[in-house]
Amino acid sequence: MENDQDKLLGEVTSGEYKYGFVTDIETDVIPKGLSEDVVRLISAKKEEPEWMLEFRLKAFRHWQTMKMPNWAHLRIPEIDYQEIIFYAAPKQKKSLNSLSDVDPELLKTFDKLGIPLEEQKHLAGVAVDAVMDSISVKTTFRETLAEMGIIFCSFSEAVKEHPGLVQKYLASVVPYTDNFFATLNSAVFSDGSFCYIPKGVRCPMELSTYFRINASNTGQFERTLLIADEDAYVSYLEGCTAPMRDENQLHAAVVEIVAERGAEVKYSTVQNWYPGDKEGKGGIFNFVTKRGICKGDNSKISWTQVETGSAITWKYPSCILRGNNSVGEFYSVAVTNNYQQADTGTKMIHIGRNTKSTIVSKGISAGFGQNSYRGLVKVLGKAEGARNFSQCDSLLLGDKCGAHTFPYIEVDNPSAIVEHEATTSRIGEDQIFYCNQRGISTEDAIGLIVNGYAREVINKLPMEFAVEAQKLLQISLEGSVG
Amino acid sequence: MQTEFLIQIKDLKASIDNKEILKGLSLEVKPGEIHAIMGPNGSGKSTLANVLTGREIATVTAGTVTFEGKNLLEMSPEERAREGIFLSFQYPIEIPGVSMVNFMKTAINEQRKHRGLEPLSASEFLRQMREKKELVEIDSALTNRSVNEGFSGGEKKKNEIFQMAMLEPRLALLDETDSGLDIDALRIVANGVNKIRRPDTSVIVITHYQRLLDYIVPDFVHVLYDGRIVKSGGPELALKLEERGYDWIRKEAEVSEETWTTDRK
Amino acid sequence: MDYRPEVINRLTELWETRDEGLLKGSPDIYNRYRAEAFSEFLRLGIPDRKNEAYKYTNLEKSFGYKYEKYFSPVPGDFREAEKFHCEVQDLDVWNMVLLNGFLPKGDEGLAMLPGGLWVGSMKAAARQFPSLVEKHYNKYAQNENDGLVPLNTALASDGLFLYAPKNTVYTKPIQIVNLLHSTQDIFAQDRNLLVVEDGAQMSLLVCDHAISPQHYLTNTVTEVYVGRNARFEIIRVQNQHNDSGKITHTFIHQERDSFASSNNITLHGGLVRNATWHRLNGENAETHSYGLFLADKHQHIANFVKVDHAAPNCNSTQLFKGVLDDNASGAFNGRIMVHKDAQKTNAFQSSNSIIMSDTARMDTKPQLEIYADDVKCSHGATVGQLDENALFYLRSRGIDAKEAKLMLMFGFAHDVIKNIPIEALRERIDNLVLQRLRGELSRCASCAIQCN
């Protein structure tokens, strides 16, 4: 019986990474290593204005004084920043006037990833900014959106075309001094998406950025800035994949969200970077800083993440609840299988009155995976009537993995109510038996139970992606039955 | 005169989160009468219990409630209790660490103080506890525990009736006291109510089912539907409801509305 | 300004004089660990808020103070100790009074209680049971980045020794009263060793009182060995004053089939930090860690717990509650660690706090670290106010809002108190808590020390 289970476990966890192919395309690559010259070179390649270069240099100088954080429950190998290529771009014509100008290899690549860039082919109601390595390849539905005053473009274009907005909001949520990886990103970030929803506009379609790492030995450092002006609404989704390579690749992104009075932003992530092979070789180091501020009263920011990829994940999408009655949400499913490690969670900082936050975190560990929830709920003295509810569950599949919970709760206001619950368990034998007795195989039973376990979070994803995420969950756990 | 009624509810409207639940409910209960309020889920039964006991979940937007000539709606929950209103909760609350004895002693003495009476002596209090425990067939072990903590569903309901016996209210509101009880527990609970009821004690039984009314026989049965009492009658109405369900009421209520809509077109 | 270098200098000067008294007066068994411990202390220093385990506790208030006397017996008024009567009615215990961390009668031999249980000073223990002390001393205390543990190992000169040999059962609890009484400001350290051998039972009540208004700081390390199928209970009642600091580190090491429970009741103290480690080292062991504190004024009360599930089939619970008023601050830092092979572990942790004023604060950090899969672990933490539903239920029975709140708060606290296994004490503490909640004790009316 034990052996059967082990075998089954082996089968179910041996699922292959579907997106591990490499696109053969000519790439413009700068020499590896990091120096002030490299920062200048990146800025020059992007034809940036002086203020942008200054920002990068300030960040770079600060970064040189910093040390890599070591508080997370992670084993991170030494990273040699002089061995990383900080800029790689698929070679294309200077200006893209239409889709026919995009290299067909690139179109094929995104087709293969399920992200067709032809608008008519694309999922209805989703606009995509496709980013390969350091640059944005194509942004769909730009014109349609522009009619409503919505700006959705690559970060580089935004710097050129909307310098006022970029200058106003860049680093206003994540300052360039924030942390080791955010500071590094501030110095060398290549591209990313920029989005601005004007006052009172409900964005009619899902906005989405698809990140693809292709070139080898490169790091990916994208930067996303999302601004919802008063009473605006937007739902935003990011997805990511990378080829299978033996070396680790660094991904250090920054996402900033600003929600003005009455605005609502939904930010969803389906993270499926290459997780490394079964022996733990290769895979992406995913060190990401994501933070939003509910700046105005009655604003809302909601983070949903399904984290199945990456060798190491280090990210804490957070909400600063400054406006009165503002709401922050964090829904997360994180899977670690084989030798994956994840240290992820959120911070909810309650500053305004009657601010509310909800945290639902579901960790699933299998193989030799290590999965940690790390969260902070902080209620400041003025946050009259603040409420938080946190639920952090861990599910263990197999006896070689680990699940950990590190919640920090700091309350400085007597009217606040903060509740935290956490459980760790494995799938009950009685649950599996019950399914078996009704004719369901053990493997399917586990799929059912895991999906049921994660449902609360999956349901928060836009519908088109929920199905995708569900499949992904199953694939990531293939062979992990315990 | 108004005082011939124990409680008089006139055109009561109440909302929860700006949604109107009670839409003009009127009901008069004389001392000693038993009224049953029946209705489908969501008709406003529990909201009525909340409004009458002063729970702040619902906001009263219109209407009056007079209890023995006094304006009930102005009173705090504890004042209402001291005036003699008792609610048997649909879901009794567990209060860890608060012993039943301490809880009951405090409640009784607060109510006595309200009536200008001396606190009960310890021995008299214990005598009453003993006596009332027998009356409702509640296990002594339960009254030695914390309030409702770890009680089964049936034990919780028995405990509510035990408290009613101790507090001797003028008006008892039994909110779904029968739900979740097996037939033996139901019998004990219902008989308990009958035994402790004095001739002038009034009872409002809020229930979804008729079976409790086999034991606590009502003088009047009212059907609450969509926030209003849409039909009133004697005990036979309850039987009819049990037989035919609420659908005919629903139809009856809706037909009249449809007619009205058609006329306007 | 970092206050610590000056304090460390002071302690180093003290260390330099070790030949004059400390080493001569102490048995070899204790002396052999001192040098290494002191260098360990110098390496780790006095913990500050960068130390994860002290993230919410600032020790400066107590450690930054310049005391007149460090780690040595104060020529105290021993009559004071003899005069002391425990105010708990009907408490049937075997009682011993310690003055400023030392046995008042000095270094007498160990006493044997009925049933065969030994009690006395660590110095006497080293003479009378050298191999036993050798086997257990300094074997369970862990530094884990906390410099205060090696500071104790390096410089404590004596403490309490309790020994229940195999299968001995002494049915009465043993009460240890720690009196602080002196005309000088004192920094005291005691080092205690409790050995409960296989099949033995021991129940210990430790009461900390300060009866003079001087500044006090105590840094206590207690090691407890609980053998197979043995049973150990410890209850601490801490009732000191606002100028006193009390740091305790208790290491409970349990073998298979054993039972242990720890209960820290903190009623009063300027700065209190109780750290309790439970190590479940053998199968089928059970351990409980309870704590209750009531804090007001500028008090800071911290509880740190670590339950280490190192063997399968063990059960543990943690239940900590606090009520905070005025400018008080509280911290709870609890950790459940389930090792790789500790299958069938049941571990439960709960921390609940009520904040009464705008200026009080509570920081909570419950943690689970789990490396085995067949486990049931959970933790819950709440910080907030009283349950509105419960409040309404009480009011619906005619109890006024103020009284109802008091009842709920009392019930809240009683949840911890009910786990005290000594009935007379349980009642006494219920009363103390009730008085405290009614505000009767917060003015310290019954206390001769006008400390504020």
Side-chain angles (χ1 to χ4, degrees), chain A residues 9 71 73 363 365-366 368-429 480 482, chain C residues 50 52 55-56 312 323-327 329-388:
Chain A
L9 198 140
W71 40 258
H73 193 90
S365 307
F368 296 86
Q370 295 293 330
N371 205 326
S372 302
Y373 167 80
R374 185 181 305 277
L376 169 68
V377 175
K378 193 182 180 99
V379 178
L380 275 74
K382 296 273 164 57
E384 209 61 40
R387 295 279 182 280
N388 161 270
F389 177 76
S390 308
Q391 170 78 46
C392 305
D393 296 327
S394 306
L395 196 62
L396 292 154
L397 308 174
D399 58 0
K400 293 173 191 74
C401 49
H404 319 292
T405 322
F406 305 102
Y408 295 71
I409 302 163
E410 304 179 8
V411 180
D412 200 2
N413 185 295
S415 65
I417 296 179
V418 176
E419 290 173 89
H420 174 94
E421 285 172 18
T423 60
T424 301
S425 53
R426 71 167 182 179
I427 294 181
E429 278 158 29
S480 65
Chain C
K50 284 190 195 119
E52 199 56 23
K55 188 177 165 75
Y56 300 119
V323 178
L324 297 124
D325 203 351
D326 299 340
N327 293 295
S329 58
F332 172 75
N333 190 326
R335 194 158 168 200
I336 297 170
M337 167 103 171
V338 180
H339 293 249
K340 200 169 159 297
D341 298 317
Q343 298 292 10
K344 306 273 181 205
T345 286
N346 273 314
F348 169 77
Q349 178 191 67
S350 173
S351 154
N352 314 99
S353 318
I354 291 179
I355 300 185
M356 310 278 294
S357 79
D358 286 343
T359 41
R361 69 171 285 146
M362 180 69 200
D363 297 309
T364 309
K365 209 181 73 176
Q367 297 180 45
L368 300 175
E369 203 171 323
I370 293 161
Y371 296 93
D373 68 327
D374 189 5
V375 298
K376 273 194 205 121
C377 297
S378 67
H379 64 204
T382 59
V383 180
Q385 306 145 297
L386 300 170
D387 179 0
E388 287 295 328

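Quick note on labels: first sequence line is chain A, next is B, and so on, each numbered from 1.
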When heavy-atom pairs shorter than 4.5 Å are enumerated against chain A, which of [options] gives the highest number?
options                        : value
C:R335, C:K55, C:Q349, C:M356  : C:K55
C:D363, C:N352, C:I370, C:N333 : C:I370
C:T382, C:L324, C:T364, C:I336 : C:T364

- [ ] Test side-chain contact (heavy atoms from CB on, under 4.5 Å) on C:Q367 and A:H404 and set out the steps.
- [x] CA-CA 7 Å; C:Q367 297 180 45; A:H404 319 292; over 6 Å; no

What are the two closest non-hydrogen atoms of [X] and [Y], and how far apart are they?
X      : Y      : answer
C:D358 : A:P414 : OD1-CG, 3.0 Å
C:L368 : A:A422 : CD1-CB, 4.2 Å
A:N413 : C:I355 : O-CD1, 4.2 Å
A:D399 : C:Q343 : CB-NE2, 3.5 Å

Task: Side chain / backbone / both / neither for A:S415 at chain C, heavy atoms under 4.5 Å - done: both

Task: Heavy-atom contact with chain C under 4.5 Å, split by part of A:D412 - done: both

At a heavy-atom separation under 4.5 Å, does [X] approach chain A through its side chain, its backbone, both, or neither?
X      : answer
C:A381 : both
C:F332 : neither
C:E52  : side chain

Open item on the list: With a 3.5 Å distance limit and no angle check, can you tell me whether C:H379 reaches the backbone of A:T423 through a side-chain donor-acceptor pair?
Closed with: no

Task: Note, C:V375 side chain near A:L396 side chain (heavy atom, < 4.5 Å) - done: yes

TODO: To the nearest 0.5 Å, tell me how far C:K365 NZ sits from A:L376 CG.
DONE: 11.0 Å

Task: Top contributor to chain C interface from A:R387, A:K378, A:E419 [non-hydrogen pairs under 4.5 Å] - done: A:E419

